[in-house]
Amino acid sequence: GRGFLPAPSSLSGTDTGTLSVVLGIIFVLLKVVQFYQERKKLIKALEAFPGPPKHWLYGHNHLVRRELGSIRIMSWGEEYPHAFPRWFGPLLPSLIIHHPEYAKSILGRTGKSPQLVLGSCVLDISLGQGLLILNGTKWFQHRKLLTPAFHYDVLKSYVDLMSDSVKVMLDKWEKKNTEKKSVELFQDVSLMTLDSIMKCAFSYNTNCQTQRSALELSNSVKAKGTWQDTEEETPGFSGHSSFLTPQFAFREDLGKMTYTTMCIKESLRLFPPVPAVSRCLSKSITFSDGRSLPKLVLLMSEPTLTKRPLLLPQVYDPLRFSPENSAQRHSHAFLPFSAGSRNCIGQQFAMNEMKVALALTLLRFKLCPDPSKPPRLLPQLILRSSNGIHLHLRKIH
Ligand code: HEM
């Protein structure tokens, strides 16, 4: 029948233009209303979580300094049990979780892809589309593809490759004049870990510790292809036999290095290499104490806080991790490698490598800190020291 609007065919150009503008405005208004309602719901839900007062514009940004175990965050943790809101500016809320039971609720959620918040464009550019920042089905497929490569038995065979890489590093240290001056070790250790992962994952000897510049190396890695490019051919973790040397004695002993493992865990507790993990809720959640959150809240969990029961005192004491002392501990009180389906796939690889590196290093050197250059901790995506790590090396034999 006849309506108020003329038939589409009779619309002039100006009318079509006006119509699109009106539709556009309606769309934007609907989005604003939707955003406003979601925000109201979110703020209501966050009311159940008391927290420090926030500034209307900065949120909590002006109160929190980027430092490991920030005293302020720690004291907030003291004041506001289990979890408290942390606003990034006026619009973006997050919930800082610092209770093992809360961490368990979040990290223990099943489903194909616990969404990570990490998929920001900055990470996309710097890391490529690796497992760490993938989400959804793609993450699930890649994770499934890579999991067998980290099987216990497969990892055992890498011990020889790891020890070769460590020995190159130690030989380099022997040649340095370490009599009086302390040595910056972070660079060397980074290159050693790169060398060893390249050998294990790609069966590729880069010689990066002795020859290549970082640029040359990154080009050769690109030429060789990265993990995510090798879907048909499971990335490395296979034809590595050419590197194997049968005489390595630790291979069977790694599982027996109980005290070394305790020392490593204590170091990971005090200096967590991944200082915080974050999750985005894809559906609402109710915690064990009855408080709940709607979907789409950015959640951050600082392991430094999550493992609060362990955090104080700041004294290095490996015995904290003795079987007796660990028996009563909550399963989610100490999470250097995170937990749940999105935990660190390289956890066992990393533990093995740390044991091999530590044992071989201590067989050759005594290490002492340089009090004039203490590390300045800088928690970024990973924890680093802004001024390197300076140690005195004393040759044992
Ligand atoms: C001490 C050494 C390491 C620590 C403390 C560590 C810690 C972590 C943590 C906490 C996560 C979870 C991140 C999150 O939930 O947002 C993670 C993820 C991951 N780690 Fe590690 N990691 C270490 C070494 C390694 C190594 C050696 C590899 C590879 C051989 C590796 C590969 C990965 C991958 C691929 C993921 C992403 C897993 C996924 O999203 O499914 N990590 N790591």
Side-chain angles (χ1 to χ4, degrees), residues 68 94 97 103-104 106-120 123 127-152 154-155 158-159 161-162 165 186 189-190 192-202 226-228 230 234-237 240 260-261 263-281 298-307 332 334-358 379-384:
L68 183 72
S94 71
I97 287 170
K104 196 174 170 186
I106 297 285
L107 299 172
R109 297 213 322 169
T110 49
K112 274 202 169 177
S113 171
Q115 289 272 312
L116 290 196
V117 189
L118 283 174
S120 75
L123 281 170
L127 300 181
Q129 282 282 309
L131 187 67
L132 179 65
I133 63 162
L134 286 178
N135 277 321
T137 320
K138 213 163 177 198
W139 164 77
F140 185 73
Q141 286 167 348
H142 282 227
R143 176 95 190 194
K144 218 168 123 192
L145 185 81
L146 282 169
T147 299
F150 289 92
H151 187 272
Y152 177 79
V154 180
L155 293 183
Y158 298 146
V159 170
L161 304 181
M162 291 169 178
S165 298
F186 182 80
V189 175
S190 302
M192 180 274 286
T193 54
L194 178 63
D195 187 22
S196 116
I197 190 83
M198 291 300 289
K199 283 183 197 159
C200 298
F202 299 105
T226 47
W227 286 26
Q228 61 273 12
T230 50
T234 304
F237 290 109
H240 45 71
T260 311
T261 310
C263 293
I264 292 173
K265 284 187 178 170
E266 179 65 343
S267 307
L268 291 173
R269 181 185 75 86
L270 285 169
F271 305 102
V274 179
V277 298
S278 47
R279 293 288 182 276
C280 204
L281 291 181
L298 169 68
L299 284 148
M300 312 257 306
S301 128
E302 293 223 9
T304 34
L305 290 164
T306 309
K307 60 191 191 209
H332 284 60
F334 172 64
L335 300 172
F337 296 100
S338 192
S341 55
R342 214 110 201 205
N343 71 348
C344 177
I345 201 173
Q347 166 166 359
Q348 205 47 53
F349 182 98
M351 283 304 288
N352 286 358
E353 183 156 11
M354 286 187 279
K355 285 184 206 174
V356 171
L358 192 60
Q380 294 175 328
L381 189 60
I382 57 158
L383 177 65
R384 7 177 3 126

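Here, residue 1 is the first one in the sequence, and each next residue gets the next number. Counting starts at 1 for both ligands and their atoms, in listed order.
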| task | Report yes or no: does a heavy atom of Gln347 sit under 4.0 Å from some atom of ligand 1? | result |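 For ligand 1, residue contact (heavy atoms, under 4.0 Å) with Gln347 is absent.
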| task | State if Met351 counts as touching ligand 1 under the rule of any non-hydrogen atom under 4.0 Å. | result |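 Distance cut 4.0 Å: Met351 fails for ligand 1.
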| Listed by chain and number, what are the side-chain contact (heavy atoms from CB on, under 4.5 Å) partners of Ile264, not counting sequence neighbours? |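 Scan of Ile264 (side-chain contact (heavy atoms from CB on, under 4.5 Å), adjacent residues dropped) gives Thr260, Leu268, Met351, Met354, Lys355, Leu358.
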| request: First locate atom OG1 of Thr261, then atom CD of Glu266, and finally report the distance between them rounded to the nearest 0.5 Å. | output: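 One gets 13.5 Å once the value is rounded to the nearest 0.5 Å.
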For [atom], tell me which residue out of [options] has the closest non-hydrogen atom.
{"atom": "atom 11 (C) of ligand 1", "options": "Gly346, Cys344, Ser341", "answer": "Cys344"}
{"atom": "atom 16 (O) of ligand 1", "options": "His142, Gln348, Arg279", "answer": "Arg279"}
{"atom": "atom 35 (C) of ligand 1", "options": "Leu146, Leu155, Ile345", "answer": "Ile345"}

Numbered atoms of ligand 1 (with element) below 4.0 Å of [X], judged on heavy atoms:
{"X": "Ile197", "result": "30 (C)"}
{"X": "Ser338", "result": "10 (C), 12 (C), 15 (O)"}
{"X": "Phe150", "result": "30 (C)"}
{"X": "Met354", "result": "1 (C)"}
{"X": "Arg342", "result": "12 (C), 15 (O), 39 (C), 40 (O), 41 (O)"}

| task | Using distance alone, decide if ligand 1 has a nitrogen or oxygen within less than 3.5 Å of any nitrogen or oxygen in Trp139. | result |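 Yes: some nitrogen or oxygen of Trp139 is under 3.5 Å from one in ligand 1.
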| Does an N or O from Asn343, backbone or side chain, lie closer than 3.5 Å to an N or O of ligand 1? |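 Such a contact does not occur with ligand 1.
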If you define the side chain from C-beta out and look only at heavy atoms, does anything of [X] sit under 4.5 Å from [Y]?
{"X": "Tyr152", "Y": "Leu155", "answer": "no"}
{"X": "Ser341", "Y": "Trp139", "answer": "yes"}
{"X": "Leu107", "Y": "Leu335", "answer": "yes"}
{"X": "Glu353", "Y": "Tyr158", "answer": "no"}
{"X": "Leu281", "Y": "Arg279", "answer": "no"}

| task | List in chain and number order the residues that pass side-chain hydrogen bond (donor to acceptor under 3.5 Å, both in side chains) with Ser165, two or more places apart in sequence or in another chain; answer none if no residue qualifies. | result |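 Partners of Ser165 by the side-chain hydrogen bond (donor to acceptor under 3.5 Å, both in side chains) criterion, ordered by chain and then number, come out as Asp195, Lys199.
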At under 4.0 Å between heavy atoms, is it the side chain or the backbone of [X] that contacts ligand 1, or both, or neither?
{"X": "Phe349", "value": "side chain"}
{"X": "Pro336", "value": "backbone"}
{"X": "Glu353", "value": "neither"}
{"X": "Arg143", "value": "side chain"}

| Considering the options His142, Lys144, Lys138, which one meets the side chain to side chain contact (heavy atoms under 4.5 Å, CB included) requirement together with Phe140? |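 Between Phe140 and the candidates, side chain to side chain contact (heavy atoms under 4.5 Å, CB included) is satisfied uniquely by Lys144.
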| field | Arg384, CZ: over 12 other non-hydrogen atoms inside 6.0 angstrom | value |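 No, not enclosed.
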